[in-house]
There are 2 protein chains.
Amino acid sequence: MNCNDNDENCRTACFHPDLVEQVRDAMPGEPLQLDLAKLFKVLGDHTRIRILNALYRSELCVCDLTSILGMNQSAVSHQLRVLRDAKIVRSRKQGKNVLYSLDDSHISDLIRVGCEHVQEGT
Amino acid sequence: MNCNDNDENCRTACFHPDLVEQVRDAMPGEPLQLDLAKLFKVLGDHTRIRILNALYRSELCVCDLTSILGMNQSAVSHQLRVLRDAKIVRSRKQGKNVLYSLDDSHISDLIRVGCEHVQEGT
DNA sequence: TTTTCACATGAATACTTATTCATACGATAC
DNA sequence: GTATCGTATGAATAAGTATTCATGTGAAAA
């Protein structure tokens, strides 16, 4: 018998049923886990991380970001859209420009903890 | 003139040069940002988030995880490999089984803060 | 009104990646 | 040794996505 098959035999024989039951009950619901994965997925891109690291320091317009990242404006706008849709950044108009900033403090927390993790090497 | 062109004119005319300079200097180096993006990218998958949420509760063998997630063993192993390579989980053998657990506390921190963010709806 | 400017966006392309299938591997039991 | 069990992995497929190019949009300036 192999755990490949998700049948009843496997469920009671080849592993720790009590523990599995316990963990299954304690886990968050699927919607939350989907949202969580989506959040991290949006954070998990080099360009978007650079945008967030910039906005972490200051509110900036699209053109500022374009210059800081050294990439074309279309690419930056596309990624800003992804970040806006995920409610990770917010935007406001000022004259001809659109100014972007981080939406809330959780984002900076995540970036800070993430940085700590990768800096410690582990 | 448009910021599409990343030429010298654009760099000095159409945005806030001092601010851009300042932010550019304050930003982390590229290697760190690449590592950070990679970390979040690995966290940004539904299956892997479910694995981590399970391991957050208890050390578990592959077969346990297979049962909890209700997916085939190969898929779980593949994702565990990704998590291992990213140093997000660690493994040890016990008899015939391989037991997995979270590698360090930063990971649980990230999951916790991330959960807070998505739960608040922001 | 017409032009210009900063930004947004649709389509296309190239690249990445999650899952499945089949199979391999290493250790234990027989 | 041989069989079995838990886990790992290579190849293939299908789905997702970042970037570029070209163009659209809305507002301000001329």
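Worth knowing before you read on, the calculation uses all heavy atoms, side chains too, and leaves out hydrogens, waters and symmetry mates. Each chain gets a letter, A, B and so on, in the order its sequence line appears, and its residues count up from 1.
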Exercise for the section: Under the salt bridge (charged side-chain N to carboxylate O under 4.0 Å, His left out) rule, collect the residues that match up with A:Arg84, sequence neighbours excluded. Expected result: none
Under-3.5 Å donor-acceptor pair between [X] side chain and [N] base:
{"X": "B:Gln73", "N": "D:dA8", "result": "yes"}
{"X": "A:Ser77", "N": "C:dC7", "result": "no"}
{"X": "B:Ser74", "N": "D:dT9", "result": "yes"}

Distance, rounded to the nearest Å, where [X] contributes [atom1] and [N] contributes [atom2]:
{"X": "B:Ile51", "N": "D:dT7", "atom1": "CD1", "atom2": "P", "value": "13 Å"}
{"X": "B:Leu80", "N": "D:dA8", "atom1": "CG", "atom2": "P", "value": "7 Å"}
{"X": "A:Leu65", "N": "C:dA8", "atom1": "CG", "atom2": "C1'", "value": "15 Å"}
{"X": "A:Lys96", "N": "D:dG26", "atom1": "NZ", "atom2": "C1'", "value": "12 Å"}
{"X": "B:Arg92", "N": "D:dT7", "atom1": "CZ", "atom2": "P", "value": "13 Å"}
{"X": "B:Arg81", "N": "D:dA11", "atom1": "CZ", "atom2": "P", "value": "12 Å"}
{"X": "B:Lys93", "N": "C:dC25", "atom1": "NZ", "atom2": "C1'", "value": "10 Å"}
{"X": "A:Asn97", "N": "D:dT25", "atom1": "CG", "atom2": "P", "value": "21 Å"}

Practice task
Could you pick out which residue, B:Tyr100 or A:Gln79, lies toward the 5' side of DNA chain D when each is mapped onto its nearest nucleotide?
Solution key: B:Tyr100
Fill in the blank from the handout: Considering only heavy side-chain atoms of A:Arg84, the closest of C:dC7, C:dT9, C:dA18 is C:dT9
Fill in the blank from the handout: Checking C:dA8, C:dA6, D:dT20 against the side chain of A:Asn72 (C-beta onward), the nearest is D:dT20
Practice task
For the pair B:Asp103 and B:Lys87, find out whether any cationic side-chain nitrogen is under 4.0 Å from an anionic carboxylate oxygen.
Solution key: no
Handout entry: Salt-bridge criterion met for A:Arg112 and A:Asp109 (N-O under 4.0 Å)
Key = yes
Any chance you could measure [X], atom [atom1], to [Y], atom [atom2], to the nearest 0.5 Å?
{"X": "A:Leu39", "Y": "B:Leu43", "atom1": "CG", "atom2": "CG", "result": "9.5 Å"}
{"X": "B:Gln79", "Y": "B:Leu65", "atom1": "CD", "atom2": "CG", "result": "12.0 Å"}
{"X": "A:Asn97", "Y": "A:Cys63", "atom1": "CG", "atom2": "SG", "result": "7.5 Å"}

Fill in the blank from the handout: So the salt bridge (charged side-chain N to carboxylate O under 4.0 Å, His left out) pairs with at least one residue in residues 42-62 of chain B (sequence neighbours excluded) are A:Glu30-B:Arg50, B:Glu59-B:Arg92
Exercise for the section: Please answer whether C:dT9 and A:His78 are stacked, defined here as ring centres separated by less than 5.5 Å and planes angled under 30°. Expected result: yes
Handout entry: Sorted by number, the residues of residues 31-50 of chain B with heavy-atom contact under 4.0 Å to DNA chain C
Key = B:Lys41, B:Asp45, B:Thr47, B:Arg48
